[in-house]
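Quick notes on the structure that follows.
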Amino acid sequence: MSSASLARRYPPVTPPPASAAASPFAEIEVAIDHERRRGRGAQSNVSGRYETEARTAFDDGWQSLDDLPPFKTTVAVDAARKVITRNDSPDISFDRSINPYRGCEHGCVYCFARPTHAYLGLSPGLDFESKLFAKPDAPALLEKELAAEGYEPKMIAIGTNTDPYQPIERDRKIMRGILEVLERASHPVGIVTKSALVTRDIDILARMAKRNLAKVAISVTSLDSRLARSMEPRASTPMRRLEALRKLSEAGIPTTVMVAPVIPALNDCEIERILDAAAYAGVREANYVLLRLPREVRDLFREWLMASYPDRYRHVFTLIRDMRNGRDYDSQWGTRMKGAGPIAWMIGRRFEIACEKLGLNKKRSKLTMDHFAKPKCSSGQQLSLF
């Protein structure tokens, strides 16, 4: 392959020029002031891709930026008419899911769900983690959908887009209401979360698990508390996640540790340590997902990496492109989760060897649909005469 072809396939990864870094306005032109975004993951709040106007914070010399308030979490009501979302993606193991919330206060900078906020006219940046939407009617809507004529039960996945146990769930308890509906209907559910708050619902999950109706996966991205705090600022600490896995396992609930996402040259060196810690906590299943950078996530992750680990910027993106066919992201089904090429193969093999040594994934838990009973939902049904 010629050098010109190589250059086209693997475009160079270049940081901002030194002159920009020296400019007193460089940070303002890209990032929001640190004090305004304290405790948040994204560095900026660029307009959504569907907006006709782009807004950028810029100091006009009158120090007007000093008067802007910090980003505060606000929660609006999402008046959804249905709560079960369907998909036909061939490379995932479920065809339906529930998202009790839109946006996520955990603020994980790499979150692949961030671009969905653009559909609401909001930024996938700081808006995604501060302007949230809750679905308080989700339990009632779910009960109605499960009771519908012709409904066929299959596992419902929760937490595949935004985290159902993010901080606002402590007071709103929408997720707990959903679990109560699923338990009454004996409907199987699989949960993915980064929050130790899931242990609050051990009572429901344990009862469902006894009938093969529930399993829980917790994502442990790093055991380095500094890295986790910077990358996932409002998610539970790594140790609390491991403790949650232990409590769930002791309660008889099938648990999975998700090493996700794996970021080359940043946390890939921790794969074996994370699996070892999870196995010690009683976990018997494990999985991993390679870093995904669709749409706006690429630039948000790039900004964060330059601000937090500038010395690794070039190396990280070079390796990412080596695993994504020369691009920052490849959405092709079958490879988008694990990547392609020798480096992706090496990560996968390391994961498999570690799981084999620790006795993980020897048996996969399977949920059953045999117990399903349609809810007796009064809405829309004819009343009995007697």
Side-chain angles (χ1 to χ4, degrees), residues 7-17 20-21 26-27 29-32 37 40-51 54-56 89 91 103-104 106-120 122-130 160-162 219 221-222 227 230-233 260-268 288-341 343-344 347:
R8 285 194 297 270
R9 186 175 180 184
Y10 297 98
V13 180
T14 56
E27 181 182 357
E29 291 168 355
V30 177
I32 302 296
R37 56 180 170 83
R40 305 292 180 178
Q43 307 287 306
S44 63
N45 203 41
V46 294
S47 302
R49 62 185 179 278
Y50 299 114
E51 302 309 297
R55 295 176 174 84
T56 303
S89 300
D91 58 350
C104 187
H106 281 165
C108 302
V109 70
Y110 52 75
C111 181
F112 64 85
R114 283 182 177 273
T116 61
H117 243 46
Y119 295 118
L120 306 175
L122 298 172
S123 172
L126 290 165
D127 281 349
F128 176 80
E129 51 195 282
S130 60
T160 57
N161 198 42
T162 57
S219 173
T221 313
S222 174
L227 173 59
S230 174
M231 197 162 52
E232 310 158 334
V262 174
I263 306 173
L266 199 63
N267 73 340
D268 63 316
Y288 79 97
V289 178
L290 196 65
L291 175 69
R292 298 167 60 188
L293 298 175
R295 296 188 179 274
E296 294 90 346
V297 183
R298 179 196 64 179
D299 293 331
L300 291 167
F301 181 77
R302 190 192 303 272
E303 291 170 6
W304 172 83
L305 190 60
M306 280 298 298
S308 304
Y309 297 92
D311 58 322
R312 305 190 196 186
Y313 173 84
R314 287 177 178 272
H315 192 37
V316 169
F317 266 89
T318 296
L319 294 175
I320 287 173
R321 289 176 174 177
D322 283 342
M323 293 186 286
R324 296 296 187 188
N325 294 315
R327 298 187 288 270
D328 292 331
Y329 181 56
D330 183 359
S331 62
Q332 183 177 353
W333 282 331
T335 61
R336 59 177 179 163
M337 303 293 187
K338 307 296 183 183
I343 296 175
I347 289 175

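The first residue of the sequence shown is numbered 1, and numbering continues consecutively from there.
- Side-chain contact between S123 and N45 is present, with at least one heavy-atom pair separated by less than 4.5 Å.
- For the atom pair OG of S222 and CG of L227, the computed distance is 4.0 Å after rounding to the nearest 0.5 Å.
- Considering CG of L266 and CG of L291, their distance stands at 9.0 Å, rounded to 0.5 Å.
- Aromatic rings of Y313 and Y309 (six-membered ring for Trp) have centroids beyond the 6.0 Å cut-off, not under it.
- The closest side-chain heavy-atom distance from V297 to C111 is not below 4.5 Å.
- Evaluation of the side chain to side chain donor-acceptor pair (under 3.5 Å) rule for D330 yields N325, R327 as partners, not counting sequence neighbours.
- Scanning for side chain to side chain donor-acceptor pair (under 3.5 Å) contacts around R40 gives T73, with sequence neighbours left out.
- Looking only at side-chain heavy atoms (C-beta outward), M231 and T221 come within less than 4.5 Å of each other.
- Remark: S219 engages no residue in a side chain to side chain donor-acceptor pair (under 3.5 Å) (not counting sequence neighbours).
- Residues L290 and K338 have side chains not in contact (no heavy-atom distance under 4.5 Å, counting atoms from C-beta outward).
- Side-chain contact between W304 and S230 is present, with at least one heavy-atom pair separated by less than 4.5 Å.
- By the 6.0 Å and 45° rule, R336 does not stack over the aromatic ring of Y329.
- In this structure the side chain of R292 never reaches within 4.5 angstrom of the side chain of Y110, judged on heavy atoms.
- Take T116 and apply the side chain to side chain donor-acceptor pair (under 3.5 Å) test, not counting sequence neighbours, and it matches no residue.
- Of the inter-residue distances, the one linking S130 atom OG with R37 atom CZ reads 13.0 Å to the nearest 0.5 angstrom.
- A heavy-atom distance below 4.5 Å is found between the side chains of L293 and F317.
- The OG atom of S308 sits 9.5 Å away from atom CZ of F301, with the distance rounded to the nearest 0.5 Å.
- Under the salt bridge (Lys or Arg N to Asp or Glu O under 4.0 Å) criterion, R49 pairs with E296, sequence neighbours left out.
- The aromatic rings of F128 and H117 lie perpendicular to each other, with more than 60° between the two planes, well past the 30° mark.
- Rounded to the nearest 0.5 Å, atoms CZ (R314) and CG (L319) are 13.5 Å apart.
- For R298, the salt bridge (Lys or Arg N to Asp or Glu O under 4.0 Å) partners two or more places apart in sequence, or in a different chain, are D328.
- Residues R114 and E129 meet the side-chain proximity criterion, which asks for heavy atoms closer than 4.5 Å.
- The structure places CG of D268 at 9.5 Å from CD1 of I263, a figure rounded to the nearest 0.5 Å.
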